[in-house]
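Okay, so here's the structure we're looking at.
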2 protein chains.
Amino acid sequence: MKSSVEPLKARRIYLLLRDRIVAGDLPPGGRLPGEPALAAEHAVSRVTVRRALDLLEKEGLVQRKPGSGTFVHDSRAVRPIVADLSNVLSHLIDMGRSTDVKLLSFGYVAPPEAIAESLGLKPGERVQRSVRVRLIDGEPFSYLTTHVPEWLGLTYSEAELAARPLLELIERSGVKTERATQAINATLAGPEPAAALDLEIGSPLLTLTRIVHDPSGRGVEHLHALYRPDRYSFHMDLVRIGDDGERRWSPALGRPRASETAKTDKNKAGEKPTRGSRAIKQRS
Amino acid sequence: MKSSVEPLKARRIYLLLRDRIVAGDLPPGGRLPGEPALAAEHAVSRVTVRRALDLLEKEGLVQRKPGSGTFVHDSRAVRPIVADLSNVLSHLIDMGRSTDVKLLSFGYVAPPEAIAESLGLKPGERVQRSVRVRLIDGEPFSYLTTHVPEWLGLTYSEAELAARPLLELIERSGVKTERATQAINATLAGPEPAAALDLEIGSPLLTLTRIVHDPSGRGVEHLHALYRPDRYSFHMDLVRIGDDGERRWSPALGRPRASETAKTDKNKAGEKPTRGSRAIKQRS
DNA sequence: CGAAGCTGTATTATCCATCATACAGGTTCC
DNA sequence: GGAACCTGTATGATGGATAATACAGCTTCG
């Protein structure tokens, strides 16, 4: 185990710089402020700034040139996968990229109350719980926890779950899946997801919680998915509908545009760097 | 000042326990293991466990009873506001809740390259940049950064932006907004958003990036929104469409069900006085 | 060339998260 | 009542992260 405790301020600065890089705020190939400037800007010592830059360099986001400066690596290789609303990745497979699934856990347990409630289970009813990780080109990008009522889970084997989509197995059993509700949110990575997704604890994650119902309204699947935001994001096209009184956006249906896959402009949690504030005297 | 650096192990345990609570693994009202037990389980000192519990208590997730134990708070009151796909909150207003907008920043600047590209601007073209914070019942829940081409931004004033929805101002100018694309992702809070949203730096945030186009395909608005995940989340209903070969989920259109979800979050009042800036009532 | 700026490296001192331990006071339950 | 829990609080010790400072070698540019 790594008993070496991770830095705090260093990590903070690392995250901030990383966000600005992936957001395109610091253009690829561009030089970022010098270590003394960064140290002053964030009110930390230069040693700490170096720690943050070490992390960025180790991840290949940044390239350091002694005597010259630190530069954003040109090939921002880490473009997120794009999934449409319905969470469809099929166009990725068309593109020749391979997705694999690792089954981390499989078993029958008593469900947490919240899940039992959302599936409409009777008290005492058990569920099949599985944890899977999806990989694209060998890299993990999602951490899936599913709960399925026991009577339904028993219609397929552990090996089948590891090999085929869960929804396919459910429908094979004769259950019709017509409706679902889902919620998208954000959270921080706990120890298990962090390890499975090859992330640091405390990294941000996209979450998707989906509850699938059969036509009678009975819950048949509870899916909780965690996504690495640097490798996955939800995209959708919207059209403006409604007449003048109440116009609003509505998702544009139709085939997911297999258009240019990604035009990532993610986000910037940070803000504009106030330029021109330099002039730090590190020397006496 | 808050130079108080966050703990590491304490934060780890905090995240662990938090995940188990929100997942329903530890049922509401239940008592969680005693501090000595937790300390032994995670191989840390009791002081560290207490730090983690302090965080949970401050967030209202647990309640401590001296001499008795630490309990999961019954009413997990902090239910996020629910917005449907199109980011519509109208049902909240129907419910009598008030949303306000604070304009934090307004000005004309040279756009970051990523934004210029997504709006299809010519080199050298400037944009109007604004930063707003939305509040519900006085509590901030979203941090909006918008970029609008200068020629369009000049058709309205700063005061108008603070008082009316941006899209309404754009349409008033004669520009037709028919299409948009958006992406949903997750990130960590940087210093400015954290301060505006009354959060710690490094808190998780939901992000929404939307680019609005006019019928000719010209970009007219770049919206970057950050949402507090504990106060806001995206919900949607899905239906299963397509014939047998390729069945998939598709968003169910129609009015967003005024679902059970939004309840008043009884957060501890008082805390941070919202910083003095204008707060204007505005419809979603 | 030479000044200015940059990264790489080293040293010392300080701060703070964590540990280990002890004790006080409340609750639960037999 | 009293044993066995629990949370609240205080103590000192320790190690790692951070700060402050100094200097080396490199690149860029006038």
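What you see below is based on every heavy atom in this structure, not just the backbone, and it leaves out hydrogens, waters and symmetry mates. On a predicted model such as this, the values are computed, not experimentally measured, just so you know. The sequence lines fix the lettering, A, B, ..., with proteins before strands; numbering per chain opens at 1.
A side-chain donor-acceptor contact under 3.5 Å links His235(B) and Ser233(B). Between the side chains of Thr187(A) and Arg18(B), a donor-acceptor pair is found at a separation under 3.5 Å.
Listed pair Thr70(A) / dT7(C) meets the phosphate criterion, a side-chain N or O lying under 4.0 Å from OP1 or OP2. In this model, the phosphate group of dG8(D) is approached by a side-chain N or O of Arg64(B) to a distance below 4.0 Å at OP1 or OP2. Of the side-chain N and O atoms in Thr48(B), none sit less than 4.0 angstrom from OP1 or OP2 of dA17(C). For dA20(C), neither phosphate oxygen OP1 nor OP2 lies less than 4.0 angstrom from any side-chain nitrogen or oxygen of Arg46(B). Arg51(B) has a side-chain polar atom (N or O) that falls below the 4.0 Å cut-off from OP1 or OP2 of dA17(C).
The distance between atom CD1 of Ile13(A) and atom P of dA17(D), rounded to the nearest whole Å, is 15 Å. When rounded to the nearest whole Å, the span between CZ of Arg11(A) and C1' of dG16(D) equals 17 Å. When the C1' atom of dT7(D) is taken as reference, atom CG of Leu32(B) falls 12 Å away, rounded to whole Å. Note: CZ (Arg50(A)) to C1' (dT21(D)) measures 15 Å, nearest angstrom. Taking atom CZ of Arg31(B) as the reference point, atom C1' of dC29(C) lies 13 Å away to the nearest angstrom. Distance, Lys9(A) NZ to dA17(D) P: 14 Å, rounded to whole Å. In this entry the distance linking CG of Leu38(A) with P of dG5(C) reads 16 Å, nearest Å. Atom OH of Tyr14(A) and atom P of dT18(D) are 15 Å apart (whole Å).
The pair Arg50(B)-Glu57(B) does not count as a salt bridge, with every side-chain nitrogen at least 4.0 angstrom from each carboxylate oxygen. Contact check on Arg12(B) versus Glu200(A) returns no salt bridge, with no Lys/Arg side-chain nitrogen under 4.0 Å from an Asp/Glu carboxylate oxygen.
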- Task: Summarise protein proximity over nucleotides 24-30 of chain D in one line of letters, 5' to 3': B for base, S for sugar-phosphate only, - for none, counting protein heavy atoms closer than 4.0 Å.
- Result: -BBB---
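A residue-by-residue look at Leu53(A) and Val49(B) shows that Leu53(A) has its nearest nucleotide of DNA chain C further toward the 5' end. Sequence order on DNA chain D of the closest nucleotides to Val47(B) and Ala37(B) puts Ala37(B) first from the 5' end.
Side chain of Arg231(A) to backbone of Pro140(A): a donor-acceptor contact under 3.5 angstrom is found. Remark: side-chain polar atoms of Arg126(B) are paired, donor with acceptor, to backbone N or O of Tyr108(B) under 3.5 angstrom. At least one donor-acceptor pair closer than 3.5 Å links the side chain of Arg228(B) to the backbone N or O of Leu197(B).
Taking the six-membered ring where the residue is Trp, Phe141(B) and Tyr232(B) present parallel rings, their angle staying beneath 30° rather than reaching 60°.
Between Tyr143(A) and Tyr227(A), the ring centre distance reaches or exceeds 6.0 Å.
Using five terminal pairs a side, the axes of the helix from dC1(C)-dG30(D) to dC30(C)-dG1(D) at its two ends make an angle of 30°, given in steps of 10 degrees.
Counted within 6.0 Å of CD on Glu117(A), heavy atoms from surrounding residues, nucleotides or ligands total 12 or fewer; the atom is thus considered open.
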